[in-house]
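To start, the structure itself, in structure tokens.
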There are 2 protein chains.
Amino acid sequence: MEEGTSESPSSADVTYSCSALQWDIREGCEVRQILDRVADKWSLMVISLLGHQTLRFTELKREIEGISQRMLTVTLRHLERDGLIERTVHPVVPPRVDYALTDLGCGLIETIQSLVRWTEGNQEAIVRARLEFDARQAAAAIAT
Amino acid sequence: MEEGTSESPSSADVTYSCSALQWDIREGCEVRQILDRVADKWSLMVISLLGHQTLRFTELKREIEGISQRMLTVTLRHLERDGLIERTVHPVVPPRVDYALTDLGCGLIETIQSLVRWTEGNQEAIVRARLEFDARQAAAAIAT
DNA sequence: CCGTATCCTCCTGGATACTG
DNA sequence: CAGTATCCAGGAGGATACGG
């Protein structure tokens, strides 16, 4: 497992005061780490799927088409380490492992939804901004 | 500029229905893209700094210790493209360029704060979960 | 079934040097 | 001052094969 154990290998521990958001961003700061987890390519998929129900490894893999076995394992371990999901091993053959959201994980879903709603409410504006921006770029390129 | 122009180079356009979060995650979906922007290593720093006041390029670079000139430029372009910040070039010598948050950007700050508050409110639980997890890992490793 | 171990590729992002 | 261009190292993540 080479992914970097969230131990924050970089020793640069600079502190910035960001009063607009009322927090200090440090390398390896909590906020940063949670944000990284939230923005992780697969984490949100897993969290949202487990929002409905408990699922086992293979079921998750089947639902999340495109994820590799390795990345599903890695993602699940991260979420488990952070206490967002719970892993239950049933001592049967063939092995059966269930994954479920913890209370902490449920709370995160609530929070994320506000971000999602904001995005949905403003995505038209964003798309429009991008089109305008790209148009300006293109115009500038032609002028060269 | 090799960073991938958000044009979504991957043609895999799979759709999953995630009713827990009430949205479809597609490769290149809007929600994903905004989330990526929010979780970007430097974006939040820039946004929060511009939350107070208009700043120029060098001022931002000075405030965000550790950022390279290239990454500041890239980050600013992305935010500008999405309509979150506004870039004003003053035709003077030496050149002066001001960056300010747009209304859209201000709205994003509001939204992010709920995530930040959640993180702050739960970071003790998360740290505790990690310690327990790591302890279990260590115990399992010794047992080998 | 549920992983872990290994390899290998591509992308991100830092360092550096150069322009208007 | 405010970038752009180029090069390059390191890590994320996919494919594959194997183990309990």
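The model shown is predicted, which means the values in this text are computed figures rather than measured ones. Reminder, nothing fancy here: chain letters follow the sequence lines and each chain counts from 1.
- Under the side-chain contact (heavy atoms from CB on, under 4.5 Å) criterion, A:Val92 pairs with A:His90, A:Arg96, sequence neighbours left out.
- OP1 and OP2 of D:dC1 both lie 4.0 Å or more from every side-chain N or O belonging to B:Tyr99.
- Neither side chain, B:Gln123 nor B:Arg128, offers a donor N or O lying under 3.5 Å from an acceptor on the other.
- Electrostatic pairing of A:Arg81 and B:Asp134 counts as a salt bridge here, judged by a charged N lying under 4.0 Å from a carboxylate O.
- Residues passing the side-chain contact (heavy atoms from CB on, under 4.5 Å) test with B:Glu86 are B:Thr102, sequence neighbours excluded.
- Looking at residues 87-95 of chain A, you'll see A:Arg87, A:Pro94, A:Pro95 sit with a heavy atom under 4.0 Å from some atom of DNA chain C.
- By the side-chain hydrogen bond (donor to acceptor under 3.5 Å, both in side chains) test, B:Ser114 pairs with A:Ser114, sequence neighbours left out.
- Listed nucleotides: C:dG3, C:dA15, D:dA2. Nearest to the side chain of A:Arg77: C:dG3.
- Closest contact between the side chain of A:Phe57 and the listed nucleotides C:dG3, D:dG13, D:dA2 involves C:dG3.
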Secondary-structure notation, DNA chain D, from Watson-Crick and G-U pairs under 3.5 angstrom (| other strand): ||||||||||||||||||||
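- The nearest whole Å value for the distance from the CD1 atom in B:Ile67 to the C1' atom in C:dA15 is 14 Å.
- Put simply, CZ on B:Arg70 is 16 Å from P on C:dA17, counting in whole angstrom units.
- Taking atom CE of B:Met71 as the reference point, atom P of C:dA15 lies 12 Å away to the nearest angstrom.
- Look at CD1 on B:Ile64: it is 14 Å from P on C:dG13, rounded to the nearest Å.
- Out of D:dT4, D:dG13, D:dA2, the shortest distance to the side chain of B:Thr73 is found at D:dT4.
- Remark: A:Lys41 is in phosphate contact with D:dG14, judged by side-chain N or O atoms under 4.0 Å from OP1 or OP2.
- Taking every side-chain heavy atom of A:Arg56 into account, C:dC1 is the closest of D:dA15, C:dC1, D:dA2.
- Rounded to whole Å, the distance from CG on A:Asp36 to P on C:dG13 is 11 Å.
- The CG-C1' distance, from B:Leu72 to D:dC1, rounds to 13 Å in whole Å.
- Relative to the side chain of A:Ser68, the nucleotides D:dG14, C:dG13, D:dA2 differ in distance, and D:dG14 lies closest.
- Rounded to an integer number of Å, the gap from NE2 of A:His78 to P of C:dG3 is 15 Å.
- Residues B:Arg77 and A:Gln137 have side chains that never bring a donor and an acceptor to within less than 3.5 angstrom of each other.
- By the salt bridge (charged side-chain N to carboxylate O under 4.0 Å, His left out) test, B:Asp36 pairs with B:Arg32, sequence neighbours left out.
- Per the geometry, CG belonging to B:Leu76 stands 11 Å off P belonging to D:dA2, to the nearest Å.
- A search for side-chain contact (heavy atoms from CB on, under 4.5 Å) contacts involving A:Gln53 returns A:Leu55, not counting sequence neighbours.
- Scanning for side-chain contact (heavy atoms from CB on, under 4.5 Å) contacts around B:Thr58 gives B:Arg62, with sequence neighbours left out.
- The hydrophobic cluster containing A:Val127, built from Ile/Leu/Val/Met/Phe/Trp/Tyr side-chain heavy atoms closer than 4.5 Å, also comprises A:Leu131.
- In the set D:dG14, C:dG14, C:dA17, C:dA17 carries the atom at the smallest distance from any side-chain atom of B:Gln69.
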